[in-house]
Protein chains: 2
Amino acid sequence: MPRPANRPSLTRERIESEALALIEREGLDAFSMRRLGQTLGVEAMSLYHHFPSKAHLLDALVDRVLASVPIPSREQDPASRLRQLVRHWRDIARRHARFYAWLSLHRWNSATGVAFLAEVLACFTDAGLDSERAARGFRALGYYVLGATLDETQGYANGPASLQPLTQVELETLHPQVAQAGRYFTPDQFDTTFELGLDVLLSGLGLLRR
Amino acid sequence: MPRPANRPSLTRERIESEALALIEREGLDAFSMRRLGQTLGVEAMSLYHHFPSKAHLLDALVDRVLASVPIPSREQDPASRLRQLVRHWRDIARRHARFYAWLSLHRWNSATGVAFLAEVLACFTDAGLDSERAARGFRALGYYVLGATLDETQGYANGPASLQPLTQVELETLHPQVAQAGRYFTPDQFDTTFELGLDVLLSGLGLLRR
DNA sequence: ACCTGAACACCGTTCAAGT
DNA sequence: ACCTGAACACCGTTCAAGT
């Protein structure tokens with residue numbers, strides 16, 4: 001049966017953009033080839049004509065999101081290029097919060113992913129660090145940003161709760177220091193805390209030296 | 001039908017310990033209530049007599065793993081207590097590498113989880129930091145350890161590969177700096193790199209000051 | 001070339017029934 | 001009290017068939 005005239009033909013482009021939107025709307029767990037087919041007005045099996053598997057589709061989404069990251073001009077100094085790259089990294093985490101659980105834990109070793117990481121590494125070498133210090137600093141900074149973005153998008157504020165959590169009263173009784181610190185763990189505090197750790201790392205890893 | 005005499009009765013204890021072992025053997029994706037029932041010689045539905053849902057079971061596993069972390073004596077100085085806590089954290093990530101993908105992204109807000117986090121936070125306050133600096137430092141350090149443990153267990157070395165990865169030749173041609181840095185990204189380099197970033201953070205966050 | 005429908009081998013979970 | 005079997009509403013994917 002030919003598709004109705006009012007339904008645009010299926011393309012990788014349409015599938016990918018609807019997939020990203022669907023994941024943010026309904027979550028990664030609810031995302032399935034069948035559900036995606038539904039929202040595109042098509043049988044799930046039609047998707048396999050464009051992507052050989054669900055994993056291939058998700059992989060294409062990783063690439064698509066990474067490709068949307070702007071690369072700062074190399075004319076700027078390494079530290080401010082690095083700050084921009086990190087900011088863009090956090091931006092995609094927030095813009096694709098639910099997909100980020102997949103995105104962040106898959107190797108960024110496509111051409112697009114490596115290109116982004118190469119820019120980050122270049123900031124370290126351009127700052128005058130030898131190759132070992134640059135490599136290790138790059139990696140340590142990556143740990144920090146990975147953890148921060150995951151925690152901010154999946155963690156305390158938004159993430160799945162323990163099924164038998166401590167009540168607020170128990171928390172205040174048993175761990176008053178933790179209860180008090182909670183004041184600094186709300187989403188409006190994310191930026192300040194993130195920048196604090198980032199400054200410590202940039203300075204300690206030798207990015208701010210001449 | 002009564003269970004055969006050679007099969008021990010089902011208990012939460014048996015279910016939990018077999019679940020953890022099964023997850024490490026076959027991976028988190030392959031882990032199902034039906035598969036777990038199989039390895040315990042029982043119908044999947046029997047598990048629901050002990051745990052109301054798969055999520056409850058996984059939550060009990062989070063608690064069980066966190067409960068296995070030793071808490072250093074408060075007589076030691078804050079910085080070395082913190083180093084021990086972080087080492088134990090990394091240990092559970094490695095010991096439960098496949099389960100860690102679930103463990104790390106669920107709120108540690110059970111009694112056991114909060115108790116561990118309270119010990120980490122106490123290191124910051126005991127080091128003489130005011131409550132804001134302690135809270136933000138605690139959080140920034142948590143970001144770093146979360147990212148490092150996830151990267152070490154799920155990431156580059158062991159994690160899922162991009163389905164169209166750059167080849168080694170392409171990598172060397174397009175991004176020679178990244179190719180060269182790869183020398184410092186192998187598992188035998190994890191400890192050194194991790195300690196480097198940890199030192200920078202402890203020092204910069206005020207843990208090594210008097 | 002592109003899409004479909006039935007089928008296969010799985011899921012988590014509900015429920016009535018067995019001992 | 002503890003376990004089972006059938007059933008429901010889902011999965012990803014294969015395959016032969018349709019246009």
Side-chain angles (χ1 to χ4, degrees), chain A residues 1-20 22-23 25-62 98-99 101-102 105-106 160-163, chain B residues 1-20 22-23 25-62 98-99 101-102 105-106 160-163:
Chain A
M1 187 162 55
R3 66 188 146 81
N6 61 339
R7 195 217 303 167
S9 80
L10 218 48
T11 59
R12 286 179 64 102
E13 162 66 28
R14 264 192 80 224
I15 294 171
E16 290 176 14
S17 89
E18 179 56 29
L20 278 176
L22 181 59
I23 289 169
R25 272 204 312 276
E26 306 187 351
L28 205 48
D29 288 344
F31 175 74
S32 71
M33 297 299 268
R34 294 169 122 108
R35 181 80 189 88
L36 177 58
Q38 243 177 50
T39 71
L40 288 164
V42 111
E43 294 295 318
M45 309 317 142
S46 307
L47 301 170
Y48 285 85
H49 195 74
H50 302 268
F51 296 92
S53 74
K54 187 184 183 181
H56 281 81
L57 169 54
L58 287 168
D59 221 55
L61 299 184
V62 171
R98 305 181 94 165
F99 180 55
W102 173 280
L105 297 181
H106 282 71
S162 166
L163 296 174
Chain B
M1 189 160 56
R3 66 188 146 80
N6 61 339
R7 195 219 301 166
S9 79
L10 218 49
T11 59
R12 285 178 66 102
E13 161 66 30
R14 265 192 80 223
I15 295 172
E16 289 177 15
S17 89
E18 179 56 31
L20 279 175
L22 181 60
I23 288 169
R25 273 203 311 276
E26 306 186 353
L28 205 49
D29 288 345
F31 176 75
S32 71
M33 296 298 267
R34 293 168 122 107
R35 181 80 190 88
L36 177 58
Q38 242 178 48
T39 72
L40 288 164
V42 110
E43 294 296 319
M45 307 319 140
S46 307
L47 302 171
Y48 286 86
H49 194 74
H50 302 269
F51 296 92
S53 74
K54 187 184 186 182
H56 280 81
L57 169 55
L58 288 167
D59 220 56
L61 299 184
V62 172
R98 304 181 95 165
F99 180 54
W102 174 279
L105 295 181
H106 282 71
S162 168
L163 297 173

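Just so we're on the same page: letters track the sequence lines, and every chain starts at 1.
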Between CG of A/D29 and C1' of D/dG12 the distance, given in whole Å, is 15 Å
Stem finding on DNA chain D, please: runs of three or more consecutive Watson-Crick or G-U wobble pairs, both distances under 3.5 Å, sorted by first number. C:4-8 with D:12-16, C:12-16 with D:4-8
Here the distance between atom C1' of D/dC11 and atom CD of A/E43, to the nearest Å, is 15 Å
Is there a side chain to side chain contact (heavy atoms under 4.5 Å, CB included) between B/F31 and B/L58? Walk through the geometry before answering. CA-CA 11 Å; B/F31 176 75; B/L58 288 167; 4.1 Å; yes
Rounded to the nearest 0.5 Å, what separates atom CD in A/E18 from atom CD1 in A/I23? 10.0 Å
A/M33/A/L57 under side chain to side chain contact (heavy atoms under 4.5 Å, CB included): CA gap, chis, key distance, verdict: CA-CA 10 Å; A/M33 297 299 268; A/L57 169 54; 4.0 Å; yes
In whole Å, what is the span from the CG atom of A/L40 to the P atom of C/dC2? 16 Å
Write down the distance between CG (B/L28) and C1' (C/dC11), rounded to a whole number of angstrom. 14 Å
Taking side chain as C-beta onward, heavy atoms only, is A/R25 less than 4.5 Å from A/T39? yes
Any luck finding a side-chain donor-acceptor pair between B/H49 and B/S46 under 3.5 Å? no
Does B/H50 place a side-chain N or O at less than 4.0 Å from the phosphate oxygens OP1/OP2 of D/dC3? yes
Looking at every strand, decide which applies to A/S32 at a 4.0 Å heavy-atom threshold: base, sugar-phosphate, or nothing. sugar-phosphate
Between protein and nucleotides 13-17 of chain D, what N or O pairs are separated by less than 3.5 Å?
residue	atom	partner	partner atom	Å
D/dT13	OP2	A/Y48	OH	2.8
D/dT13	OP2	A/K54	N	2.9

In Å, rounded to the nearest 0.5 Å, how long is the span from CD1 of A/I15 to CZ of A/F51? 5.5 Å
Go through the steps for A/T11 and A/H50 under the test side chain to side chain contact (heavy atoms under 4.5 Å, CB included), then give the verdict. CA-CA 7 Å; A/T11 59; A/H50 302 268; 5.6 Å; no
Check the distance between D/dC2's C1' and B/R14's CZ and give it to me in whole angstrom. 14 Å
Taking only side-chain nitrogens and oxygens of B/S46, does any of them come within less than 4.0 Å of OP1 or OP2 of D/dC2? no
For B/F51 and C/dG12, give me the distance from atom CZ to atom C1', rounded to whole Å. 16 Å
Within the pair A/H49 and C/dC3, is there a side-chain N or O less than 4.0 Å away from OP1 or OP2? no
Using atom CG of B/L57 as one end and atom P of C/dG12 as the other, report the distance to the nearest whole Å. 10 Å
Residues two or more places apart in sequence or in another chain: which of them pass salt bridge (Lys or Arg N to Asp or Glu O under 4.0 Å) with A/E26? A/R35
Gap separating the CG atom of B/L22 from the CG atom of B/L36, nearest 0.5 angstrom: 6.0 Å
Could you state the atom-to-atom distance from CD of A/Q38 to C1' of C/dG5 in whole Å? 16 Å
